[in-house]
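Quick notes on the structure that follows.
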Amino acid sequence: MMQSVLNPGLIAACAKVRVIPVLTIADARLAVPLARALATGGLTVLEITLRTDAALEAIRRIAAEVEGVIVGAGTVLDAQHATAAIQAGSQFLVSPGATPRLFDAAEHWEVPLLPGAATASEAMVAFERGYRFLKFFPAEQSGGISALKALGAPLADVKFCPTGGVGAGNMAAYLACSNVVCVGGSWVAPAKLIDCGDWAGIELLARNVREVRPGSSGTRL
Ligand code: 3PG
């Protein structure tokens with residue numbers, strides 16, 4: 001099976017951290033201190049969205065300068081995005097959904113893809129292509145925890161990373177679902193802390209998030 005589908009390494013890394021910060025970085029100079037703060041707080045798998053001009057340079061810098069971090073690219077919409085992100089040093093790719101063309105292109109990538117799915121049909125298409133680990137997106141808007149549980153009954157072999165509307169108040173409940181490996185979200189690195197370079201504040205947020213127990217009532221954030 002091709003490399004983009006065969007992703008036990010990615011699943012193991014995500015299962016260990018349980019939370020993937022989704023980072024939209026406007027200034028590449030902030031990438032390294034931000035990644036270091038999150039990693040020091042225990043969050044070592046990072047998704048950088050390809051939504052800014054600085055995104056590829058941010059990935060390049062984190063991959064080159066921050067040890068112990070697995071950096072991936074999010075918002076991968078097509079093969080061109082993917083190639084640029086891989087060349088920049090992305091170790092995994094995340095897409096909000098998936099298309100036949102994206103799946104075809106992924107057959108040639110040397111890094112794993114976490115494709116998005118929000119419905120049973122979308123999950124089945126990914127399953128047919130060999131994927132067993134999917135991003136459930138947009139999680140809250142697509143029915144949240146009850147939708148995930150319902151998908152889990154017929155799709156017992158599929159695991160998810162719910163993203164979209166996940167935050168301090170509901171992450172523990174998501175993590176308690178048996179078909180959830182980890183959650184993703186932007187709340188761990190709020191723009192207001194990034195903008196003022198409050199790396200200690202972000203490290204503390206990361207630490208608090210790492211301490212959350214599945215099924216508990218949430219974090220102190
Ligand atoms: C993503 O790109 O995965 C989402 O935009 C993150 O969603 P959130 O901002 O609601 O966490």
Side-chain angles (χ1 to χ4, degrees), residues 7 10-11 13-14 17-26 30-31 34-35 37-38 41 43-56 58-59 62 70-78 81-82 84-85 88 90-99 102 106 111-119 122-123 126 131 133-148 151 159-175 177 180-195 201-202 205-206 208-210 212 218-219 221:
N7 53 14
L10 178 63
I11 297 181
C14 292
V17 289
R18 306 229 73 193
V19 177
I20 302 180
V22 176
L23 309 171
T24 298
I25 300 176
L30 304 178
L34 173 59
L38 290 164
L43 299 180
T44 51
V45 181
L46 309 177
E47 175 188 334
I48 315 298
T49 68
L50 298 179
R51 292 182 210 161
T52 64
D53 292 341
L56 290 174
I59 291 168
I62 293 169
I70 297 174
V71 63
T75 326
V76 171
L77 303 180
D78 56 33
H81 273 160
S90 298
Q91 291 162 277
F92 66 97
L93 303 174
V94 186
S95 56
T99 67
L102 192 75
V111 304
L113 170 68
L114 180 62
T119 66
E122 290 167 11
Y131 292 84
F133 182 33
L134 308 177
K135 165 171 167 156
F136 179 53
F137 178 80
E140 278 293 285
Q141 297 83 346
S142 305
I145 289 163
S146 54
L148 260 178
L151 287 171
K159 302 285 181 212
F160 293 93
C161 170
T163 310
V166 179
N170 58 8
M171 65 167 281
Y174 273 106
L175 290 176
C177 297
V180 168
V181 172
C182 62
V183 298
S186 58
W187 93 98
V188 198
K192 66 176 195 298
L193 295 189
I194 297 177
D195 291 347
I202 288 176
L205 265 177
N208 287 344
V209 157
R210 283 287 273 140
V212 170
T219 70
L221 314 181

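None of the values given here were measured: they were computed from a predicted structure. Just follow the structure's listing: the first ligand is 1, and inside any ligand the first atom is 1.
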Next item on the list: For A139, check side chain to side chain contact (heavy atoms under 4.5 Å, CB included) against everything at least two apart and list the hits.
Entry: F136, P162, V166, Y174

Next item on the list: Grab the two heavy atoms, one from L46 and one from F92, that are nearest each other, plus how far apart they are.
Entry: O-CZ, 3.5 Å

Next item on the list: Locate the shortest heavy-atom distance separating P96 from V76; write the atom from each residue and the value.
Entry: CD-O, 3.8 Å

Checklist line | Candidates L205, V22, V209 - the one meeting side chain to side chain contact (heavy atoms under 4.5 Å, CB included) with W187 | finding: V209

Next item on the list: Return the protein residues near ligand 1 (heavy atom under 4.0 Å from any of its atoms), ordered by chain and residue number.
Entry: V22, R51, K135, F137, T163, G164, G165, G185, S186

Note to self: So F133 and C14, do their side chains get closer than 4.5 Å, heavy atoms only?
What the structure shows: yes

Check: How long is the span from the OG1 atom in T75 to the CD1 atom in I48, to the nearest 0.5 Å?
Finding: 10.5 Å

